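Scroll down for the structure; my scribbles are underneath it.
Source: prediction; values computed, not measured.
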Amino acid sequence: MIAASRNGHEAELPPHNLDAEQSVIGSILLDPALLDNIGQRLRPDDFHAAHCRRTYQELLAMRSAGVPIDGLILRNRLHADGAANVKASDLADIVDSVPTAANALHYADIVARRAEQRRLWYVAPRLKELASDYHRVISDYGAWRQDIDGILGSVSASGTTGDVDYGWLSFAEFMAQDVRQNYLVNGVVPEAQGGIVSGRFKTLKTSIALDLFVSMATGTAFLDRFTVPAPVPCALMTSESGAASIMAIAKRIAAAKGIDYRDGPHLTTLRAKMTDPRHLEVIERDIERHGWRCVGIDPTYLAFADVGEFCTNVYKMGAALEPVTALIQRTGCSLLLLNHSTKGRMKDVGRFDPPDLAEISMSGWAEWMRFWLLLSQVEEWEETTGTHSLWMRTGGSAGHAGLYQLSVIEGEHDDRGRRTEWNVSVCDVVKVADEKEKRKSAQKAAQQERKEQEHQRRLQDALKTCTEFESGRKLRELAGLSAKDFGTAIRSLLKVGAVEQSTIEKRGQTCDGYRLKDKAGQGGTRRDGRWDNPA
């Protein structure tokens, strides 16, 4: 940080975050019970601002003495102790600047990290001096290394993480916590968790993610289906498609939603290195600066490229993802990573079957993610009209789950080779199954009808060869029909009046005989199935 010095020149200030320090104090005044937890995380010298450091010190003293923590009592104790650097207006400003104590532990973590940076900042000149002492490295490397370790050890020892504290709670204390799972997008994106969007080639991962982030930023329904409770600041980092492609997609989505560009998410096509602490620090800084509630990283194979051959080792990937989890916990910002699915499907899974968690490519992702959005094709996409029929499976540790069929029409190409539409519709898998079953039943009925019509035609052809009533057995042989198919066909022809039925004699036995209707009315009598005087 830079501040103006007394002689007018700029002077660098040590790392600190005044807003976070004041927020910690304000949160404790709003909810004194927080001091038990914060007191294990922070010491007075972790605060850079003198009035915050002195106020926090007094709050710890009040807790130790069993004095109720109250703003008026605190102010009187500070005044009585001659704490001139803490003004009444300071305390009033602190309380007024913190509307809720819900994020107190997050602010405490920021203060602790800045304090650790500050301690390193103070010893940096000495480390730089040692780093430049080439002669000593050659002549007495052991002592040189010992001095460096001593300095770094003092920085670590002076921090608040020297003694590990897991914050154990009794079962009653744990169950008494007011913990709720909120959603940024109902049934899709939970708050303060890590998630994955995964799919194969031509499943619109980036486009659907862009619709998701535009929806969160503007408070419009994701894919015109999933409700966004309230608009939230968010950002998408997509480094694979290129600025021109992202802009074209974003224009179509914005037009379909009828939103103003000023209300959309932050975007960049630069690539983050998620295994580099410096990049994570910058992302965290930007989250704090803009108040982002969700950040998307697209794609994982570029963001985690430094993992290299270890991408199939779940333990190595766990180590690479642990800092990302810590970032989510510190900031309360959800992170959504866009990953690829495996190229091939398991033997017992059809090409166009719904997606499964086991198909997420590479190790570690399925274990790390707390929510997911999986995509796969229902059928081949239609390139001319840009029509995609996709399966979309959602789910998460919070308990939400769903399987949907997603239809996306991107439209034909314009003169510049760009798609022109963003027309989306989502259907529950139950409705999809019902419609599929109805179509299947209709197709089966039509097929059966065609089959029966063919049987009737064959039976009529057989009847045309007979000039007399003929037995059903003989007609079945002539038409080449089974007894069942003959029965169905003859009943249909009788019903429409195309055939008439009569009892006839065959080889001294009576049986049912049939002939075409147009043979009737010729007069005469029947004997052994023949007319005595046929016309």
Less than 4.5 Å apart, any side-chain heavy atom of [X] and any of [Y]?
X: H51; Y: Q22; result: yes
X: P231; Y: M216; result: no
X: V426; Y: Q405; result: no
X: I297; Y: L338; result: no
X: V295; Y: I287; result: yes
X: L406; Y: V378; result: no
X: L390; Y: Y404; result: no
X: L30; Y: T100; result: no

Looking at every heavy atom in both [X] and [Y], which two are closest together, and how far apart are they?
X: T203; Y: S376; value: CG2-CA, 3.9 Å
X: K205; Y: S198; value: CD-C, 4.0 Å
X: A20; Y: I110; value: CB-CG2, 3.7 Å
X: F371; Y: L336; value: CE1-CD1, 3.4 Å
X: L357; Y: M369; value: CD2-CE, 3.3 Å
X: L42; Y: F47; value: CD1-CZ, 3.9 Å

Okay, side chain of [X], backbone of [Y]: is any donor-acceptor separation there less than 3.5 Å?
X: S239; Y: D298; result: yes
X: E367; Y: G364; result: yes
X: T227; Y: P229; result: no
X: E21; Y: H48; result: yes
X: S363; Y: T312; result: yes
X: R393; Y: P355; result: yes
X: K257; Y: F222; result: no
X: W144; Y: L130; result: yes
X: S334; Y: A192; result: yes

So which of R114, R119, R118 actually passes side-chain hydrogen bond (donor to acceptor under 3.5 Å, both in side chains) with D46?
->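 The single option meeting the side-chain hydrogen bond (donor to acceptor under 3.5 Å, both in side chains) with D46 is R119.
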
Checking side-chain hydrogen bond (donor to acceptor under 3.5 Å, both in side chains) against R200, which of Q377, H340, E359 comes through?
->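 By the side-chain hydrogen bond (donor to acceptor under 3.5 Å, both in side chains) criterion, R200 pairs with just one of Q377, H340, E359: E359.
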
Approximate separation, where rounding is to 0.5 Å, of [X] [atom1] and [Y] [atom2]:
X: L34; Y: L59; atom1: CG; atom2: CG; answer: 11.5 Å
X: H413; Y: T384; atom1: NE2; atom2: OG1; answer: 9.5 Å
X: T387; Y: E383; atom1: OG1; atom2: CD; answer: 11.5 Å
X: S241; Y: I246; atom1: OG; atom2: CD1; answer: 4.0 Å
X: L212; Y: S207; atom1: CG; atom2: OG; answer: 12.5 Å
X: C294; Y: F213; atom1: SG; atom2: CZ; answer: 4.0 Å

Given S389 and S407, is the side chain to side chain donor-acceptor pair (under 3.5 Å) satisfied, shown in steps?
-> CA-CA 5 Å; S389 184; S407 174; over 6 Å; no

Test side chain to side chain donor-acceptor pair (under 3.5 Å) on Y301 and E240 and set out the steps.
-> CA-CA 10 Å; Y301 79 87; E240 187 176 33; 2.8 Å; yes

Give a yes or no on this: more than 12 heavy atoms of other residues, nucleotides or ligands lie within 6.0 Å of atom NZ of K316.
->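 Not more than 12 within 6.0 Å, no.
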
For atom CE of M362, is the number of surrounding heavy atoms from other residues, nucleotides or ligands below 6.0 Å larger than 12?
->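 12 or below, so no.
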
Stepwise side chain to side chain contact (heavy atoms under 4.5 Å, CB included) check, L210 with L236 = CA-CA 8 Å; L210 191 54; L236 176 61; 3.8 Å; yes

Pairing of [X] and [Y] as salt bridge, 4.0 angstrom limit:
X: R416; Y: D414; result: no
X: E288; Y: R113; result: yes
X: R54; Y: E58; result: yes

Return each pair, listed once, that meets side-chain hydrogen bond (donor to acceptor under 3.5 Å, both in side chains) where at least one residue sits in residues 244-253; pairs must be two or more places apart or across chains.
->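 Applying side-chain hydrogen bond (donor to acceptor under 3.5 Å, both in side chains) to every pair that reaches into residues 244-253, excluding sequence neighbours, yields R252-E410.
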
D31 and S27: CA distance, side-chain angles, deciding distance, side chain to side chain donor-acceptor pair (under 3.5 Å) verdict | CA-CA 6 Å; D31 186 0; S27 296; over 6 Å; no

Take Y107 and N17 through the test side chain to side chain contact (heavy atoms under 4.5 Å, CB included) and record every step on the way to the result.
-> CA-CA 9 Å; Y107 297 132; N17 188 318; over 6 Å; no

Evaluate side chain to side chain donor-acceptor pair (under 3.5 Å) for D211 paired with W422, printing each intermediate quantity in order.
-> CA-CA 10 Å; D211 187 297; W422 184 253; 2.8 Å; yes

Test applied, side-chain contact (heavy atoms from CB on, under 4.5 Å); reference residue, V424; option that passes from I253, L204, D224, I409 |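 Of the listed residues I253, L204, D224, I409, the side-chain contact (heavy atoms from CB on, under 4.5 Å) partner of V424 is D224.
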
Between I360 and W365, does a side chain to side chain contact (heavy atoms under 4.5 Å, CB included) hold up when you go through it step by step?
-> CA-CA 7 Å; I360 296 176; W365 303 111; 3.9 Å; yes

Donor-acceptor pair between N339 and T300 side chains, under 3.5 angstrom =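 The answer is yes; a qualifying pair exists.
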
Taking the inter-plane angle between the rings of Y183 and H400 on a 0 to 90° scale, is it parallel (under 30°), tilted (30 to 60°) or perpendicular (over 60°)?
->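 Judged by the thresholds at 30° and 60°, the geometry between Y183 and H400 is perpendicular.
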
Take V197 and I208 through the test side chain to side chain contact (heavy atoms under 4.5 Å, CB included) and record every step on the way to the result.
-> CA-CA 9 Å; V197 173; I208 289 173; 5.9 Å; no

Only distances under 3.5 Å count here; give the side-chain donor-acceptor pairs of residues 264-278 to other protein atoms, sequence neighbours excluded, each with its distance to 0.1 Å.
| residue | atom | partner | partner atom | Å |
| --- | --- | --- | --- | --- |
| H266 | ND1 | W292 | NE1 | 3.2 |
| T268 | OG1 | L270 | N | 3.2 |
| R271 | NH1 | L302 | O | 2.8 |
| T275 | OG1 | D306 | OD2 | 3.4 |
| D276 | OD1 | R278 | N | 2.9 |
| D276 | OD1 | R278 | NE | 3.2 |
| D276 | OD2 | R278 | NE | 3.3 |
| D276 | OD2 | R278 | NH2 | 2.8 |

Contacts of W368 that satisfy side chain to side chain donor-acceptor pair (under 3.5 Å) - sequence neighbours left out =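 For W368 the side chain to side chain donor-acceptor pair (under 3.5 Å) partners, ignoring immediate neighbours, are T325.
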
